[in-house]
J.: 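Below is the structure I would like to discuss, written out as structure tokens.
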Amino acid sequence: MDATAVASDDDTRTDPPEAGPSGEPPAAPPPPPARRVPPSGAGADPVVPAQAARRGAGRPAEPGQQQPYARPVVTELRLSAFGRHRSAAFPLGPVTLFAGPSGSGKSQVLAAYEALAGLGSGATLETLFPDPGARIPDGAVPDAQQRRGFRLGCTVDGPAGPVRLELAVQAEPGLRIVGERLSQDGRILFATALRDPGRRAVQASWLTGGAVGVTRAPLPDDRLGTALLPLRVAGSTAGQRQVLAAAEQVVVALRSVFACDPRPDRMRAPVPPGEGRLLGDCANLADVLRRTRHECGTRHALLAEAARTGCAGPVAGLDVRAPAGGAVTAVLDRGPGRPATALARLGAGELRFLALALVLLTGPGVLDMDPAAELLSARQALTVLADGLDRGLDGSQAAELLRLALLSCGRGHVRLVAAVGEGTAAAARRLDGVSVVDLSV
């Protein structure tokens, strides 16, 4: 398996090529003619063609041409060979919901996105794929070397223009990245390939420009090479700066992801006071409400307003009880003359609703995530991943979450990618600004 198995140099199609029976893509056609740098070996290293000037750099958009995204965002997720999905490409908008019957692959789509996000944050393959065999395409058979794997990728749009990332992963006999490609306008900026199966490294090549043309170096085979480029590329030539701009745009978009799956059974008990950063399972919801009540008055008021729709009975506000040195308990204020209701007494659907509403109304600083610190938060867009967004919710609660999603995502700072049931999907199809992907088709 080499880098040519990831994508061809001139592959600008939306749909990736069909994967082979082993879960790996077939060999791509040869690239178009390009200026080549004499190889250091016997012609085995991948060649990175020279890249044209960055699209749109320093020039206004032509009439009718789409303006580049102000913030890096993932605009397409590709699952060329991943679980149930083959040659699948999913455009992603500000609010994208995946619907379909059980077993249609909704959770696999979100798992692929979450895995890419983890790789963009520097996590290893073993951390993100504890059971890599489950991601091998259905019915895949091993090749002559008894290898099987999967393939996924995405397109990240932003100030630098659309950038494509393709990734080929070997799951058997050992978990490792065997090919990675970063490209723009159909030209390769960065590529890796597994040359020696006996070494835990891949051969990487990236555009340099100038007299050298291409730089080659080994990189680890268990991490995303694109995320390592800012540490390896100096940025002293135009070619290097273009590689850095593309890589950093991809990394910023992938790191700006928060996967959320509220667990009501973990949200009922009082919690010790902490940093007030919401965990993925929302177990520390009470502590986060303590923080938002004091630091984010406007958003806390919006959450209390949403609670009037999503919680049974009268709701005058959200409050916390935090005795000195004691645990934090969140309560619903029922109004004058009425006793407050501790969140521990709420139903599972009410707790899930409150947690998801808080996520949609807040930002990275209140969530347990590690966005790119090199870029101001105002220049980043948070993407919320929610598998089973409407699980345990009634129709009015799901509708209110969609309203909050449109409210927050309409400003460009938040995006939502979620899996939902058919009832929520049917309601969402009638809303402007919501994209529903039906996996049953």
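FYI, the numbering just counts along the sequence from 1. If you're wondering where the values come from, they're calculated on a predicted model, not measured in any experiment.
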J.: Report yes if the side chains of Trp206 and Val233 come closer than 4.5 Å at any heavy-atom pair, otherwise no.
T.: yes

J.: Would you check if Pro262 and Leu356 make a side-chain contact, meaning some heavy-atom pair closer than 4.5 Å?
T.: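 A side-chain contact exists here, since the closest heavy-atom pair is under 4.5 Å.
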
J.: Any donor-acceptor pair under 3.5 Å linking the side chain of Arg415 with the backbone of Leu382?
T.: no

J.: Please name the pair of heavy atoms, one in Cys409 and one in Pro94, separated by the smallest distance, quoted to 0.1 Å.
T.: SG-O, 3.6 Å

J.: Would you say the side-chain atoms of Thr96 pair up with the backbone N or O of Gly93, donor to acceptor, closer than 3.5 Å?
T.: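 Yes; judged by distance alone, with no hydrogens or angles, the pair exists.
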
J.: So does Glu126 pair up with Arg223, basic N to acidic O under 4.0 Å?
T.: no

J.: Is there a side chain to side chain donor-acceptor pair (under 3.5 Å) between Thr155 and Thr75? Walk through the geometry before answering.
T.: CA-CA 6 Å; Thr155 296; Thr75 55; 5.2 Å; no

J.: Do Val202 and Pro218 make a side-chain contact, defined as non-hydrogen atoms from C-beta onward lying under 4.5 Å apart?
T.: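 In short, these two side chains do not touch, never coming nearer than 4.5 Å.
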
J.: Does one side chain, of Ser104 or Ser440, offer a donor that lies under 3.5 Å from an acceptor on the other?
T.: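 The answer is no; no qualifying pair exists.
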
J.: Is a side-chain N or O of Glu305 found less than 3.5 angstrom from the main chain of His300, in a donor-acceptor match?
T.: no

J.: Could you tell me whether Glu166 and Arg78 make a salt bridge, using a distance below 4.0 angstrom between a side-chain N and a carboxylate O?
T.: yes

J.: Determine yes or no for a side-chain-to-main-chain donor-acceptor pair under 3.5 angstrom, with Thr292 supplying the side chain and Leu289 the backbone.
T.: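 A pair under 3.5 Å: yes.
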
J.: Determine the interplanar angle of the Phe82 and Phe150 rings, folded into 0 to 90°, and report it as parallel if under 30°, tilted if 30 to 60°, perpendicular if over 60°.
T.: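 It falls in the perpendicular class, over 60°.
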
J.: Give a yes or no on whether the backbone of Leu279 and the side-chain of Asn284 come within a donor-acceptor separation of less than 3.5 Å.
T.: yes

J.: Considering non-hydrogen atoms only, spot the tightest contact between Ala99 and Glu422 and give its length.
T.: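 Result for this residue pair: CB-OE1, 4.5 Å.
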
J.: Do any N or O atoms from the side chain of Arg290 and from the backbone of Gly274 form a donor-acceptor pair under 3.5 angstrom?
T.: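 Indeed, once roles are kept as given, a pair shorter than 3.5 Å links the two residues.
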
J.: Do Leu189 and Gln242 come within less than 4.5 Å of each other through their side chains, counting heavy atoms only?
T.: yes

J.: Output the distance between atom CD (Gln397) and atom OG1 (Thr309), rounded to the nearest 0.5 Å.
T.: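 OG1 of Thr309 is found 9.5 Å from CD of Gln397.
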
J.: Please report the interatomic distance CG(Leu416) to CG(Leu97), rounded to the nearest 0.5 Å.
T.: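 Reported value, rounded in 0.5 Å steps: 6.0 Å.
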
J.: Please report the closest heavy-atom contact between Gly317 and Ala304, naming both atoms and the distance.
T.: CA-CB, 4.0 Å

J.: Which value, rounded to the nearest 0.5 Å, describes the distance between Leu219 atom CG and Phe190 atom CZ?
T.: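 Rounded to the nearest 0.5 Å, the CG-CZ separation comes to 5.5 Å.
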
J.: Given side chains that start at C-beta, do those of Leu229 and Val243 come closer than 4.5 Å, heavy atoms only?
T.: yes

J.: Under the 3.5 angstrom rule, does the side chain of Arg151 hit a backbone N or O of Leu167 as a donor-acceptor pair?
T.: no

J.: Can you find a heavy atom in the side chain of Leu406 that is under 4.5 Å from one in the side chain of Val95?
T.: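 Yes, their side chains come closer than 4.5 Å.
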
J.: So, taking the atom named CG in Leu407 and the one named CG in Leu360, what distance separates them when rounded to the nearest 0.5 Å?
T.: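 Reported to 0.5 Å precision, the distance equals 9.5 Å.
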
J.: One thing to verify: whether Asp221 and Arg176 come together as a salt bridge, which I'm taking to mean a side-chain N less than 4.0 angstrom from a carboxylate O.
T.: yes

J.: Got more than 12 heavy atoms from elsewhere within 6.0 Å of CZ, Arg199?
T.: no

J.: Starting at OH of Tyr113, measure out to OG1 of Thr383 and round the result to the nearest 0.5 Å.
T.: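 That separation rounds to 4.0 Å.
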
J.: Quick check, are the ring centers of Phe90 and His85 under 6.0 angstrom apart?
T.: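 Aromatic pair counts; centres sit under 6.0 Å.
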
J.: Taking all non-hydrogen atoms of both residues, which atom of Ser256 and which atom of Ala381 are closest, and how far apart?
T.: CB-O, 3.3 Å

J.: Does the pair Glu400/Arg403 count as a salt bridge with the N-to-O cut at 4.0 Å?
T.: yes

J.: If you round to the nearest 0.5 Å, how far is CG of Leu346 from CG of Leu332?
T.: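 Spacing of CG (Leu332) from CG (Leu346) equals 5.0 Å.
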
J.: Do we see a donor-acceptor contact under 3.5 Å between the side chains of Asp387 and Ser107?
T.: yes

J.: Is it true that, when you exclude Glu114 itself, more than 12 heavy atoms of the residues, nucleotides or ligands shown sit nearer than 6.0 Å to its CD?
T.: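 Not more than 12 within 6.0 Å, no.
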
J.: Minimum heavy-atom separation for Phe98 and Lys106, please, with both atom names.
T.: O-CD, 3.5 Å

J.: For the pair Val178 and Val169, evaluate side-chain contact (heavy atoms from CB on, under 4.5 Å) and give the outcome as yes or no after the intermediate values.
T.: CA-CA 6 Å; Val178 294; Val169 179; over 6 Å; no

J.: Given Leu165 and Val156, is the side-chain contact (heavy atoms from CB on, under 4.5 Å) satisfied, shown in steps?
T.: CA-CA 8 Å; Leu165 172 67; Val156 176; over 6 Å; no

J.: Checking the side chain of Arg266 only, and the main-chain atoms of Ala283 only, is there a donor and an acceptor separated by less than 3.5 Å?
T.: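 No, Arg266 side chain to Ala283 backbone: no donor-acceptor pair under 3.5 Å.
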
J.: Looking at Arg164 and Asp185, is any side-chain nitrogen of the basic one under 4.0 Å from a carboxylate oxygen of the acidic one?
T.: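 No, this pair does not count.
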
J.: Quick check against the 3.5 Å criterion: does Ser408 have a side-chain atom that pairs as donor or acceptor with the backbone of Leu404?
T.: yes

J.: Is there a donor-acceptor pair closer than 3.5 Å between any side-chain N or O of Gln170 and the backbone N or O of Gly149?
T.: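 Pair absent, no side-chain N/O of Gln170 close to backbone of Gly149.
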
J.: With the threshold set at 4.0 Å, does a side-chain nitrogen-carboxylate oxygen contact exist between Asp319 and Arg293?
T.: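 Counted as a salt bridge, because a side-chain N and a carboxylate O are separated by less than 4.0 Å.
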
J.: Would you call Asp287 and Arg277 a salt bridge, using N to O less than 4.0 angstrom?
T.: no

J.: Salt-bridged, Arg352 to Glu350, with N to O below 4.0 Å?
T.: no

J.: Which is it for Leu224 and Glu180 under the side-chain contact (heavy atoms from CB on, under 4.5 Å) test, yes or no, and what are the steps along the way?
T.: CA-CA 8 Å; Leu224 188 70; Glu180 180 181 344; 3.4 Å; yes

J.: For the residue pair Glu76 and Cys154, establish whether any side-chain heavy-atom pair is separated by less than 4.5 Å.
T.: no

J.: Would you check if Leu77 and Leu116 make a side-chain contact, meaning some heavy-atom pair closer than 4.5 Å?
T.: yes

J.: Identify the two heavy atoms, one from Ala204 and one from Thr192, that lie closest to each other, and give their separation to 0.1 Å.
T.: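 Answer, listing the atom of Ala204 first, then Thr192: CB-CG2, 3.8 Å.
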
J.: Test Arg216 against Gln203 for side-chain contact (heavy atoms from CB on, under 4.5 Å), laying out the working first.
T.: CA-CA 7 Å; Arg216 298 180 176 86; Gln203 179 68 31; 3.2 Å; yes

